[in-house]
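Okay, structure first, notes after.
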There are 2 protein chains.
Amino acid sequence: MTDTLQRKPVSQVANSDCFTEESLSKLKEIMYEMRAEAGNHLFWEGDAADKLYFLKRGQVKITKASDEGKSFILYVYNTGDLFGQVDPFQNSVHSFNAEVTENSIIGVIQQKDLEVLLWQHGDLAVEFMKWMGLMHRMTQTKFRDLMMFGKPGALCSTLIRLCNTYGKNHGSEIVITKKLTNSELADMIGATRESVNRMLGDLKRANIIAMENNYIVVKDLPYLRDICQCENCPVDMCRI
Amino acid sequence: MTDTLQRKPVSQVANSDCFTEESLSKLKEIMYEMRAEAGNHLFWEGDAADKLYFLKRGQVKITKASDEGKSFILYVYNTGDLFGQVDPFQNSVHSFNAEVTENSIIGVIQQKDLEVLLWQHGDLAVEFMKWMGLMHRMTQTKFRDLMMFGKPGALCSTLIRLCNTYGKNHGSEIVITKKLTNSELADMIGATRESVNRMLGDLKRANIIAMENNYIVVKDLPYLRDICQCENCPVDMCRI
DNA sequence: TTTGTGATGTGATTTTCATCACACTTCCTT
DNA sequence: AAGGAAGTGTGATGAAAATCACATCACAAA
């Protein structure tokens with residue numbers, strides 16, 4: 001019932017949790033490992049989209065840049081997350097950029113290999129379908145949150161998602177164990193740094209959040225949930 | 001190369017085109033048919049999400065209502081489209097409403113039956129995965145278009161998507177063969193009716209679009225594409 | 001210690017968009 | 001033919017958010 005009980009320890013949360021041990025190890029068998037340094041790009045818009053990526057360790061952001069130089073952060077993936085495009089086009093290309101933001105170890109899966117595996121293993125195919133469905137719903141609910149409740153709603157939704165992804169409970173407070181700049185938050189919600197700064201200031205003054213050595217601490221989650229009409233989706237879905 | 005060559009005849013475009021004849025008929029075998037009248041709802045937010053729907057004939061809108069009574073139209077599905085939620089939760093519920101907007105004939109697929117089918121038929125599983133990937137990308141690109149380019153960009157993107165979904169070429173012009181009210185367009189882009197009305201007025205005055213007995217006619221597609229930094233995605237992806 | 005760099009905080013101003021109010025049109029219906 | 005409902009068009013006004021312009025702060029590197 002309460003939000004705090006629902007939250008898993010932060011170390012466990014990853015979207016590859018959708019898979020059983022066996023399925024995950026089948027996937028791991030067809031991966032080849034690569035390392036990528038912070039600052040590099042895994043792929044750019046327009047690159048061929050024929051691979052999946054399993055983030056064994058590190059962080060990758062999926063972004064989109066506009067002509068005017070603005071950047072929009074669509075997803076932030078962390079250790080244990082699986083991501084990438086699968087679609088029915090022969091010469092499919094990426095619509096987004098994948099920016100490596102921490103030194104990472106990545107398992108790469110070729111779409112062709114994945115297809116063979118799914119073709120062979122019905123149980124994996126079913127799990128895979130559910131994983132895809134979950135990722136799609138995550139996108140849809142984020143879309144809704146960022147479109148429907150103004151910039152304050154978008155920010156509150158994002159803070160909640162950050163709690164679900166990086167949150168550690170300290171009594172009734174939740175520490176977002178990940179340093180974030182105002183600019184990063186702005187790019188996640190399609191706002192400016194200045195707007196985010198002012199909104200965070202408002203939330204601090206109203207004692208909804210606080211800063212503890214540069215980490216955001218959420219003191220009043222129900223308030224955040226109220227602003228973006230949060231419906232208490234499963235935490236695995238309500239993520240960054 | 002040109003946009004007009006890329007567009008298929010409107011009668012052919014449906015997201016179930018992802019499937020081969022055989023796969024589609026396998027899916028059809030596990031459907032049961034139902035009829036739904038315009039104005040009814042296929043499902044509401046909070047209803048159990050354990051079915052897929054194949055729209056044999058008619059139209060269904062996926063919407064979200066805010067507390068203040070505003071409505072946001074996430075998708076509009078038409079004859080030949082397949083839709084619904086698949087996810088890994090045991091008691092999964094819908095986050096959106098499905099509103100039947102034309103009298104429809106719908107094939108309903110139980111998730112359990114689908115799972116068995118995917119488990120048995122590897123080729124179907126692979127096609128299904130690609131269909132899911134396509135739908136997800138459609139959501140992502142729409143998300144980007146509605147977030148990054150202001151309300152005019154959102155409108156232009158939506159007009160392009162409407163061309164790809166309902167467009168008929170008349171020489172260099174494209175007739176959107178579907179009547180749309182300003183309010184509907186507003187709900188598709190998260191704007192007000194008045195804003196849409198003014199923006200459409202601007203586009204008419206600039207000779208970008210025109211009205212022909214209440215249908216929108218696009219006279220200058222490149223202009224629309226420029227406003228929302230359109231990248232000429234596959235038409236199957238760039239839809240409403 | 002100084003200097004440079006990236007980040008934060010904040011006022012003033014402008015732009016974008018929503019809201020409110022109302023006239024007008026179209027078309028359906030009884 | 002009259003009335004009503006739904007839709008369109010448009011001005012005036014206000015609120016939300018972006019933009020611009022600096023001041024300040026934190027911290028790492030020289």
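Note that this is a predicted model, so its numbers are computed, not measured. In what follows, chains carry the letters A, B, and so on, assigned in the order in which the sequence lines appear, proteins first and then strands, with residues in each chain numbered from 1.
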Please give, in whole Å, the distance from [N] [atom2] to [X] [atom1]?
X       : N       : atom1 : atom2 : value
D202(B) : dT8(D)  : CG    : C1'   : 15 Å
N213(A) : dC27(D) : CG    : P     : 10 Å
M211(A) : dA7(C)  : CE    : P     : 14 Å
N182(B) : dT26(C) : CG    : P     : 15 Å
D187(B) : dA18(C) : CG    : P     : 11 Å
L185(B) : dA18(C) : CG    : P     : 14 Å

Set of salt bridge (charged side-chain N to carboxylate O under 4.0 Å, His left out) partners for E45(A), sequence neighbours left out: K64(A)

For E212(A), all residues meeting salt bridge (charged side-chain N to carboxylate O under 4.0 Å, His left out), sequence neighbours excluded: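 E212(A): no salt bridge (charged side-chain N to carboxylate O under 4.0 Å, His left out) contacts found.
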
Using the test side chain to side chain donor-acceptor pair (under 3.5 Å), find all partners of K219(A) that sit at least two apart in sequence or belong to another chain. N207(A)

With sequence neighbours excluded, tell me which residues meet side chain to side chain donor-acceptor pair (under 3.5 Å) with E37(A). none

Quantify the bending of the helix from dT1(C)-dA30(D) to dT30(C)-dA1(D) as the angle between its end axes, each fitted on five pairs, to 10°. 30°

State which residues pass side-chain contact (heavy atoms from CB on, under 4.5 Å) with D220(B); sequence neighbours excluded, sorted by chain then number.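 Scan of D220(B) (side-chain contact (heavy atoms from CB on, under 4.5 Å), adjacent residues dropped) gives I208(B), P222(B), Y223(B).
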
Report the residues that fulfil side-chain contact (heavy atoms from CB on, under 4.5 Å) with K179(B), sequence neighbours left out, ordered by chain and then residue number.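 With sequence neighbours excluded, K179(B) shows a side-chain contact (heavy atoms from CB on, under 4.5 Å) to N214(B), Y215(B), given in chain and number order.
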
Pairs under 3.5 angstrom only: tabulate donor-acceptor contacts from the side chains of residues 187-202 of chain A to other protein residues two or more places apart or in another chain.
| unit_1 | atom_1 | unit_2 | atom_2 | d |
| --- | --- | --- | --- | --- |
| T192(A) | OG1 | S195(A) | N | 3.2 |
| T192(A) | OG1 | S195(A) | OG | 3.0 |
| D202(A) | OD1 | R205(A) | NH1 | 3.1 |

State whether a side-chain donor-acceptor pair under 3.5 Å links Y53(B) with D81(B). no

Would you indicate what K204(A) reaches in the nucleic acid, counting non-hydrogen atoms under 4.0 angstrom: base, sugar-phosphate, or nothing? sugar-phosphate

Walk along nucleotides 10-26 of chain D from 5' to 3' and tag each nucleotide B, S or - by protein heavy-atom contact under 4.0 Å, base first, then sugar-phosphate. BBB----SSBB------

